[in-house]
Participant: 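What follows is a single structure, and I will ask about it in a moment.
A, B, ... follow the sequence lines: proteins, then strands. Residue 1 opens every chain.
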2 protein chains.
Amino acid sequence: MAGFVSHYTNRLDAKGRVSVPAPFRQALVRDGFEGLYCFPSPHHPAIDAGGNQLVAQIEKRLLGVATLTEDHDALSTAFYGASETLKIDGDGRVMLSEEQRHYACLDNQVTFVGQGYKFQIWEPERFKAHRADAMKRAMDVLAQQSAKAAGAA
Amino acid sequence: MAGFVSHYTNRLDAKGRVSVPAPFRQALVRDGFEGLYCFPSPHHPAIDAGGNQLVAQIEKRLLGVATLTEDHDALSTAFYGASETLKIDGDGRVMLSEEQRHYACLDNQVTFVGQGYKFQIWEPERFKAHRADAMKRAMDVLAQQSAKAAGAA
DNA sequence: TCGGATTCCATTGACGCCCATGAGGTCCCA
DNA sequence: TGGGACCTCATGGGCGTCAATGGAATCCGA
């Protein structure tokens with residue numbers, strides 16, 4: 001494992017720059033990815049970001065859908081078309097585009113949330129609210145898994 | 001097995017550091033995990049902590065859910081995003097974050113409670129109160145199991 | 001030539017690492 | 001069997017390093 005773990009909140013400066021948390025940068029280096037692959041999260045007002053592991057998951061998902069279909073078009077547009085590859089400068093910072101800042105409602109602070117093979121970029125307050133929901137949903141999913149396991153046994 | 005057993009109470013110093021009980025450290029070494037993996041307990045005002053065994057349980061749960069879905073995002077946010085990997089310094093201490101201290105209401109003493117594959121970090125008084133409840137609940141669970149076994153037999 | 005973007009540099013504050021101290025327990029030997 | 005040396009572990013504090021941040025300087029396209 002040892003992908004993106006934990007969460008960090010950093011400041012977005014006047015130029016739109018923000019430091020990528022050092023542990024995440026190290027994970028990207030281990031991952032062998034130059035820069036930062038990101039696209040708007042399909043489910044939340046947040047940015048999904050990562051490196052080769054993330055790209056690999058996207059490819060895997062696309063393999064499950066026949067090409068030249070409308071579904072495949074939609075997925076590839078969402079994951080490839082809407083994406084951007086940000087450059088990480090010498091000090092470990094990236095410049096978020098106006099579009100990204102708007103989509104995730106980013107103001108002057110941003111929260112990086114590790115999700116293993118990828119991480120998300122949130123506006124801190126929104127994340128706090130979302131976190132409670134995610135917790136609840138996660139517990140539901142686990143309960144369902146347990147129920148299924150018990151039923152199968 | 002011989003994972004984390006028994007309980008210990010140590011002091012939290014002005015810097016927010018606390019010594020991990022030596023037996024727990026030894027268990028972590030045997031487990032082969034560098035540092036301490038922890039996240040807020042979903043059920044109690046306490047911190048769940050452990051090493052590879054704990055991480056393995058989490059990964060196992062995540063494997064059952066497709067990536068890039070809302071369910072997977074929720075689970076990984078709950079378990080990866082909310083977690084932190086603390087470094088254990090040369091003297092066997094970890095630094096608890098402000099957030100962790102707040103979540104578990106930690107003041108100047110903390111109690112480590114072994115739970116086999118993981119352990120919990122509690123505020124001593126709260127743990128004392130929780131312990132009675134946990135005992136009662138444990139009795140109920142045991143009774144239910146016995147009833148089920150008797151019914152099945 | 002102007003504006004935006006990239007690179008470089010300086011500051012500061014948190015964290016990691018080191019050493020010192022002291023309490024408690026164990027082992028060895030008289 | 002009692003005393004003492006030794007060891008382990010918890011705890012407190014000091015200091016160096018690195019990451020985050022703000023700003024200046026330079027480069028490039030419009």
Participant: Could you check A:K87 against B:D89 and say which one's nearest nucleotide on DNA chain C is further toward the 5' end?
Facilitator: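 Whichever sits nearer the 5' end wins; that is A:K87.
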Participant: What integer distance in Å separates B:N10:CG from C:dA23:C1'?
Facilitator: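 Spelled out: CG on B:N10 to C1' on C:dA23 is 13 Å.
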Participant: Among C:dC15, C:dC17, D:dA19, which nucleotide sits nearest the side chain of A:Q26?
Facilitator: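 Closest nucleotide to the A:Q26 side chain: D:dA19.
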Participant: Any base atoms under 4.0 Å from A:V20, or only sugar-phosphate, or nothing? Heavy atoms, all strands.
Facilitator: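 Contact class for A:V20: sugar-phosphate only.
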Participant: Taking CZ from A:R93 and C1' from D:dA24, how many angstroms apart are they, rounded to a whole number?
Facilitator: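 After rounding, the reported distance stands at 12 Å.
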Participant: Is any N or O donor-acceptor pair between the side chain of A:D91 and the base of D:dC18 shorter than 3.5 Å?
Facilitator: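 Counting by modelled atom types and ignoring angles, no donor-acceptor contact under 3.5 Å is found here.
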Participant: As a test of reading the structure: which of D:dT11, D:dA20, D:dT21 is closest to the side chain of A:R25, going by heavy atoms?
Facilitator: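 Of the options given, the side chain of A:R25 lies nearest D:dA20.
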Participant: Nearest to the A:R17 side chain among D:dA10, D:dG23, D:dA20, which nucleotide is it?
Facilitator: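 Side chain of A:R17 sits closest to D:dG23.
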Participant: Given C:dT6, C:dC18, C:dC15, which nucleotide is nearest the side-chain atoms of A:M95?
Facilitator: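 Closest nucleotide to the A:M95 side chain: C:dT6.
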Participant: Quick one: are A:D91 and A:S19 in side-chain contact, heavy atoms under 4.5 Å?
Facilitator: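 A side-chain contact is absent here, since even the closest heavy-atom pair is not under 4.5 Å.
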Participant: Can a donor-acceptor pair be found between the side chains of B:E99 and A:H7 at a distance below 3.5 Å?
Facilitator: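 B:E99 vs A:H7: donor-acceptor pair found between side chains.
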Participant: So that I know where these two stand, are A:F4 and B:Y80 an aromatic pair - ring centroids less than 6.0 Å apart?
Facilitator: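 Ring centroids of A:F4 and B:Y80 are no less than 6.0 Å from each other.
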Participant: Do B:L68 and A:L54 come within less than 4.5 Å of each other through their side chains, counting heavy atoms only?
Facilitator: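 Yes - at least one pair of side-chain heavy atoms lies under 4.5 Å apart.
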Participant: Describe the nucleic acid contact of B:E98 in one word from base, sugar-phosphate, nothing, applying a heavy-atom distance below 4.0 Å.
Facilitator: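 B:E98: no heavy atom of the nucleic acid under 4.0 Å.
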Participant: Given the structure, check if the side chain of B:K15 and the base of D:dG14 hold any donor-acceptor pair shorter than 3.5 Å.
Facilitator: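 Result: at least one qualifying N/O pair found.
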Participant: Rounded to the nearest angstrom, tell me the gap between atom CD1 in B:I88 and atom C1' in D:dA10.
Facilitator: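 Rounded to whole Å, this separation is 15 Å.
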Participant: Pick the closest DNA chain D nucleotide for B:D13 and for A:P21 by heavy atoms, then say which residue is nearer the 5' end.
Facilitator: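 Residue closer to the 5' terminus by nearest nucleotide: B:D13.
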Participant: Which whole-number value in Å describes the distance from A:Y8 OH to D:dC18 P?
Facilitator: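 The answer, rounded to whole Å, is 18 Å.
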Participant: Can you confirm whether more than 12 heavy atoms, excluding those of A:H72, are under 6.0 Å from its NE2 atom?
Facilitator: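 Enclosed: over 12 neighbouring heavy atoms sit under 6.0 Å from NE2 of A:H72.
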Participant: Take the protein atom CZ of A:R11 and the nucleotide atom P of C:dT11, then report the distance between them rounded to whole Å.
Facilitator: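 Atom CZ in A:R11 sits about 20 Å away from atom P in C:dT11.
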